[in-house]
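Take a look at the structure below.
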Amino acid sequence: MATDTSTTSTNPLIIQGGMGIGVSNWVLANAVSASGQLGVVSGTAIDMVLVRRLQDGDAGGHVRAAIAEFPMREVGERIIRRYFLPNGRAAGTPYKMLPMHKQVVSIARQQLTMLASFVEVWLAKRGHNRPVGMNLLTKVQMPNLATLYGAMLAGVDVVLMGAGIPREIPGVLDAFAEHRAASIKLDVVGLPPGATETLTFDPREHFPNAEAPLSRPKFLAIVSAHSLATTLARKANGRVDGFIIEGPTAGGHNAPPRGELTLNDRGEPVYGERDLVDLDKIRELGLPFWIAGGVGSPDGLCAALAAGAAGVQVGTLFAYCDESGLAPEIKAHVLAAVRRDDVRILTDPRASPTGYPFKVVDVDGLDSQSDSRVRVCDLGYLRTPYHSPTGKLGYRCPAEPVDAYVAKGGDIADTIGRRCLCNGLAANIGQAQHRDGVVERPLVTSGDDLVSLGGFLGDRERYAAADVIDHLLSGQNIVN
Ligand SMILES: Cc1cc2nc3c(=O)[nH]c(=O)nc-3n(C[C@H](O)[C@H](O)[C@H](O)COP(=O)(O)O)c2cc1C
């Protein structure tokens, strides 16, 4: 059992970082929160994750149990009718797809997103009364408002967002707590000067008579520069409750280095002095902060506390524990390579369609997505809107088929080296799409610390979230 430290501080010492798609699922977040630290579910592409879980038979009935709690009963019933397969899919059958997100989607599509987010948070909160967080990527803009409202319907306690500048999100949370409509600016490539586009979500379209306010979750911004923290603390349109200070060794996406991009001989971005966060400036803001990236160790936690942080946010160690959503065969394969000391992490500046560097696990025998993938764009979470010559908004992704991207006015140079993160990350959690006999391959991400995870792993082949928490806290004098 992990040590319960919840009585020692209102802020957790450990935040289990959000890991999309579906790696930090409700099972993991529930285990972490129940043990007194902060468990965080990923809300990224959670609508796809939900309908695929239903199509895979919803073992244990957890998803359907949570759907039954959703305040709009008919929405849940409709989704179960459409997607639930009691015996799962027949081998090789493709998953039924969802319409891709756009600036404006149907009410039914919004409700599916709300429901999926509700389900994830509801399950993460089941059976204990500790706080639970949700992580979203600011850059994946189009589903975010419905996802946030759905999470708030389930009582999410903390929202954590990075990968962009989430300046408008605190105000969204304030509005949604009172069931008011909220709008955020939609980033559109090539908009004429002075023009703006927005995304709007109005809770009243779904609950015209809602009265009881929802509780307003805390908002933690994930940043990699003190200047961004200062801007958010001063200029966000609502309360920012703290910061995650994430360095470039963290798993998932990283902020690009500041200044001109230079690459090392492995083609990875080189980070330097300018990328170090000035913690004096962070402390001056007077808000709690957690350090993330390469601090998943007892010493890492001690050092963070000594630097004035409230604790650490850890991803990589949790990604390979029993409760995480990573497919068991991928966990076992990577952990076996860790034990052999035969694992490498590449910070790939091209792989992610977002343009941010993305860490990719390189292990012999892991059949990962490569350049030979036939490009198909059918999930579309990373599509960005662009202003088309007709004046309408179009949507494109540099990992989609090259001809299509160029026909939409995209620069062919942007397509080079891009991976389909949507399909690769879905494959990581055992939700690979099948198309005409071809199966999508995984694209596993982890932080640089994966290579040294062997010290923690020892002779074990597997471990639980509680083992991670006990390990991280082992340098602390915990008074229960
Ligand atoms: C598999 C994986 C997926 C991740 N996905 C996300 C994500 O969707 N959003 C996010 O803000 N951070 C993401 N991260 C970063 C973690 O939340 C966390 O900040 C980071 O892993 C901490 O550094 P560490 O990897 O050295 O422990 C991801 C990390 C991993 C390992």
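In listed order, ligands and their atoms are each counted from 1. Note that the coordinates shown come from a computational prediction; the quantities given were computed from them, not determined experimentally.
Between the side chains of Asp378 and Tyr95, no donor N or O sits under 3.5 Å from an acceptor N or O. Of the N and O atoms on the side chains of Asp174 and Asn237, not one donor lies less than 3.5 Å from an acceptor on the other residue. Side-chain contact of His101 with Arg109: a donor-acceptor pair under 3.5 Å is present, judged by distance alone.
Neither the backbone nor the side chain of Ile244 has a heavy atom within less than 4.0 Å of ligand 1. Within the 4.0 Å heavy-atom criterion, neither part of Ile21 lies near ligand 1. Heavy atoms of Met161 found under 4.0 angstrom from ligand 1: none, in either backbone or side chain.
Looking only at protein heavy atoms, the nearest one to atom 14 (N) of ligand 1 is Gly18 O, 3.3 Å. At the top of the distance list for atom 27 (O) of ligand 1, counting protein heavy atoms only, stands Gly315 N, 2.8 Å. Given atom 3 (C) of ligand 1, the protein heavy atom at minimum distance is Met19 CB, 3.4 Å. Scanning the protein for heavy atoms near atom 1 (C) of ligand 1, the closest one is Thr445 O, 3.3 Å. Nearest protein heavy-atom contact of atom 8 (O) of ligand 1 is Gly20 N, 3.0 Å. For atom 15 (C) of ligand 1, the closest non-hydrogen atom of the protein is Gly251 O, 3.3 Å. Counting only heavy atoms of the protein, atom 24 (P) of ligand 1 lies nearest to Thr316 OG1, 3.6 Å.
Between the side chain of Arg460 and the backbone N or O of Leu457 there is at least one donor-acceptor pair closer than 3.5 Å. Side chain of Thr249 to main chain of Asp448: no donor-acceptor pair is present (N/O by atom type, distance under 3.5 Å, no hydrogens or angles). A donor-acceptor contact shorter than 3.5 Å links the side chain of Glu168 to the backbone of Lys185. Judged by distance alone, with hydrogens and angles left aside, the side-chain atoms of Gln55 form no donor-acceptor pair with the main-chain N or O of Tyr83 at under 3.5 Å. Panel note: side chain Lys331, backbone Cys321; a donor-acceptor pair is recorded below 3.5 Å.
In this pair, Phe176 and Phe201 present their aromatic rings perpendicular. The plane angle is above 60°, beyond the 30 to 60° band. Relative ring orientation between His253 and Phe358 is described as tilted, the plane-to-plane angle lying within the 30° to 60° band.
Inclusion of Ser446 in the set of residues having an N or O under 3.5 Å from an N or O of ligand 1 is not warranted. For ligand 1, none of its N or O atoms has an N or O atom of Thr44 under 3.5 Å away. At under 3.5 Å, a nitrogen or oxygen of Gln313, whether backbone or side chain, sits near a nitrogen or oxygen of ligand 1. At least one N or O atom of Gly294, backbone or side chain, sits closer than 3.5 Å to an N or O atom of ligand 1. Ligand 1 has no N or O atom lying under 3.5 Å from any N or O atom of Val295, backbone or side chain. Here's the thing with Asn135: one of its N/O atoms is less than 3.5 angstrom from an N/O atom of ligand 1. For ligand 1, the polar-atom distance check finds no N/O of Ala292 at less than 3.5 Å from any of the ligand's N/O atoms.
Applying the 4.0 Å criterion to heavy atoms of Ile222 picks out, from ligand 1, the atoms 11 (O). The distance from ligand 1 to the heavy atoms of Gly17 drops below 4.0 Å at these ligand atoms: 17 (O). Heavy-atom proximity to Val314, at under 4.0 Å, picks out these atoms of ligand 1: 27 (O).
More than 12 heavy atoms of other shown residues, nucleotides or ligands fall within 6.0 angstrom of atom CZ in Arg266. Surrounding NZ of Lys139 are more than 12 heavy atoms belonging to other residues, nucleotides or ligands, all under 6.0 Å away.
Using a 4.0 Å cut-off between a side-chain N of Lys or Arg and a carboxylate O of Asp or Glu, Arg418 and Glu400 do not qualify as a salt bridge.
At least one heavy atom of Gly293 sits closer than 4.0 Å to an atom of ligand 1.
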